[in-house]
Number of protein chains: 2
Amino acid sequence: MAQAGRRPGQTETREEILEAARRRFAEQGYDGATVRAIAADAGVNAALLHHFFGTKQQLFAASMNLPVDPGELVPRILEGPEAEIGERLVRAFLGLWEAPDGRAPFLAMIRSATTNEQVATMMRQFLERAVLARVAEARGVPKVRVAGIAAQMIGFALLRYVIGLPPLVNASEEEIVGMLAPVAQYYLTPGTEKVRLPMHQEGGLARHWSETTG
Amino acid sequence: MAQAGRRPGQTETREEILEAARRRFAEQGYDGATVRAIAADAGVNAALLHHFFGTKQQLFAASMNLPVDPGELVPRILEGPEAEIGERLVRAFLGLWEAPDGRAPFLAMIRSATTNEQVATMMRQFLERAVLARVAEARGVPKVRVAGIAAQMIGFALLRYVIGLPPLVNASEEEIVGMLAPVAQYYLTPGTEKVRLPMHQEGGLARHWSETTG
DNA sequence: GTCTATAATCGGATAGAC
DNA sequence: GTCTATCCGATTATAGAC
């Protein structure tokens, strides 16, 4: 039984605007995307966007619903076999970016945070609260180490999805996991945070690996 | 003996414009920085910038003289004790960013490449020709692995110098070296590129480290 | 709910005087 | 070499009609 109240036309248009905003912000960043272009994509007048969302900044915030709940995803990564945490993290990260729909908000954040201070603050707070605090507490490693793996993953996304560096664009998902998982595992393993340059000693990582892998 | 030709006033103004351009592009990115603002900073009229450099894009290119010669720096990092390559790389990278003057071009690249396709191409080609090709050839590791360490370092710079993530902002140079050098060493060590998730096997990296470091 | 009209700026680039 | 004046376009945002 449909209740009285807002008519279907409203919610549809609202959603179309948000969808168009996500696309534009993802492709051109906050400053590059214009309300006029977003409105045109949604097939409506630019004034309507202000009527619905107020300012451009508020429209951006409204369109940035992440396709993931950190409170659910982070524990799911950290639980399970200890030795495969790095792999689970990299696979989860790749899953978010490889889903065409899920990629948009992250692209928009990266493309906007570099030049817009408000978006940079959004990103900083998201990383601190949703990632660093949770992971550091759950794993018993310093926040700076969680920031290290965040840097690795964000840098990877920047070069693969934004800059389009050929070796990373052409790499398969399995290649990427094989390459990044050990790094994630290193950062998330308690007891390694006070190790100063372990490679300098004895056999080093290379010999260790050639031994354990035949 | 001073030759006839261009008067001193010309070169001084030119340099001041380039300096102002470097500052503005570094702080606001390509799209955010305006020729008018750059001209005002240099104390000249905006028309003069077009007279000297043509378009804004050409002014950007002219102002982007990197404070480093990759052809000289890369070999210097790769030479020397094998086990300390990672540390030398991280220290060199930090040296470039911590020098207040040298930071500007890199900031400008990061802030501009995410939204400007031409700058993204500049960055892509710089990484491919000046970094990936040289290092991969010299070290005998696949380009994708050199791209991996590039991602780690650029992601670190993004979070520390652009986003301002507190744990990375507050970290000392020695802390950073201690954290990132093992990762760099891992990527640049031949023979590890076909290792699939070594952490999953036997003791893993954590036990290896606790053993080799007491 | 959706539009037209318009305010109020600001942008890159050029022509041409001096 | 440096400036004034100007073209031409784009931008966010609002007021108000329908």
Side-chain angles (χ1 to χ4, degrees), chain A residues 2-25 27-64 108 111-112 115-119, chain B residues 2-25 27-64 108 111-112 115-119:
Chain A
Q3 296 184 354
R6 67 186 176 201
R7 300 194 304 272
Q10 186 176 358
T11 55
E12 284 174 14
T13 302
R14 238 186 112 93
E15 248 330 297
E16 276 171 23
I17 292 172
L18 288 174
E19 217 171 301
R22 263 188 291 273
R23 264 200 313 275
R24 284 283 177 175
F25 285 133
E27 288 172 6
Q28 305 181 293
Y30 179 83
D31 297 313
T34 68
V35 277
R36 283 164 142 88
I38 294 171
D41 288 354
V44 296
N45 189 277
L48 197 58
L49 275 65
H50 290 107
H51 176 69
F52 277 143
F53 303 99
T55 70
K56 181 185 180 184
Q57 187 72 233
Q58 292 173 303
L59 171 60
F60 180 84
S63 72
M64 282 299 100
R111 285 214 161 96
S112 307
T115 51
N116 187 290
E117 184 53 38
Q118 301 191 58
V119 179
Chain B
Q3 297 185 353
R6 68 184 174 201
R7 300 194 304 272
Q10 185 175 1
T11 55
E12 283 174 16
T13 301
R14 240 186 110 94
E15 249 330 296
E16 278 172 21
I17 292 173
L18 288 173
E19 218 172 300
R22 261 187 293 273
R23 264 201 312 275
R24 286 281 178 176
F25 285 134
E27 289 173 4
Q28 306 181 292
Y30 180 82
D31 298 311
T34 68
V35 284
R36 283 165 143 91
I38 295 170
D41 288 354
V44 298
N45 189 278
L48 196 58
L49 274 66
H50 290 108
H51 176 69
F52 277 143
F53 303 99
T55 69
K56 182 185 180 182
Q57 187 72 231
Q58 291 173 304
L59 171 60
F60 181 85
S63 72
M64 282 299 100
R111 285 214 162 97
S112 306
T115 51
N116 188 289
E117 184 53 39
Q118 302 191 59
V119 180

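Lettering of chains follows the sequences in order, A, B, ..., and the numbering in each one begins at 1.
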query: According to a strict under-4.0 Å criterion, is A:H50 in side-chain N/O contact with OP1 or OP2 of D:dA13?
result: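 A:H50 to D:dA13 OP1/OP2: side-chain N or O found under 4.0 Å.
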task: Return no unless some side-chain N or O of B:T13 is found under 4.0 Å from OP1 or OP2 of D:dT2.
output: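 Result: yes.
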Where the side chain of [X] is defined as all heavy atoms beyond and including C-beta, which of [options] is the nearest nucleotide?
{"X": "A:H51", "options": "C:dG1, C:dC3, D:dC3", "answer": "C:dG1"}
{"X": "B:A47", "options": "C:dG1, C:dA15, C:dC3", "answer": "C:dA15"}
{"X": "A:K56", "options": "D:dA13, C:dG12, C:dC3", "answer": "D:dA13"}

Once you round it to whole Å, what is the distance between [atom2] of [N] and [atom1] of [X]?
{"X": "A:F53", "N": "C:dG1", "atom1": "CZ", "atom2": "P", "result": "12 Å"}
{"X": "A:D31", "N": "C:dC10", "atom1": "CG", "atom2": "P", "result": "16 Å"}
{"X": "A:R14", "N": "C:dT2", "atom1": "CZ", "atom2": "P", "result": "11 Å"}
{"X": "B:N45", "N": "D:dT4", "atom1": "CG", "atom2": "P", "result": "6 Å"}
{"X": "B:L49", "N": "D:dC3", "atom1": "CG", "atom2": "P", "result": "10 Å"}
{"X": "B:F52", "N": "D:dC3", "atom1": "CZ", "atom2": "P", "result": "10 Å"}
{"X": "A:L48", "N": "C:dT2", "atom1": "CG", "atom2": "P", "result": "5 Å"}
{"X": "B:R36", "N": "D:dC3", "atom1": "CZ", "atom2": "P", "result": "14 Å"}

Practice prompt. Specify the residue among A:G54 and B:A46 whose closest nucleotide of DNA chain D lies further upstream toward the 5′ end.
Written response: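 That would be B:A46.
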- Task: Can you label the angle between the B:F25 ring and the B:Y30 ring as parallel, tilted or perpendicular, going by 30° and 60°?
- Result: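 Correct class here is parallel.
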*Would you call A:R23 and A:E16 a salt bridge, using N to O less than 4.0 angstrom?*
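No, no charged N to carboxylate O under 4.0 Å.
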Do B:T115 and B:D31 touch side chain to side chain, with heavy atoms closer than 4.5 Å?
->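 When only atoms from C-beta onward are counted, B:D31 and B:T115 do touch, with a gap below 4.5 Å.
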* Would you say A:I17 and A:D41 make side-chain contact, with heavy atoms under 4.5 Å? ->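 No, too far: nothing below the 4.5 Å cut-off.
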| query | Roughly how far, to the nearest 0.5 Å, is CD of B:E15 from OG of B:S63? | reply |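 One gets 10.5 Å once the value is rounded to the nearest 0.5 Å.
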If you look at every strand shown and take non-hydrogen atoms under 4.0 Å, does A:A39 touch a base, only sugar-phosphate, or nothing?
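If one applies the 4.0 Å heavy-atom cut-off, A:A39 turns out to touch nothing in the nucleic acid.
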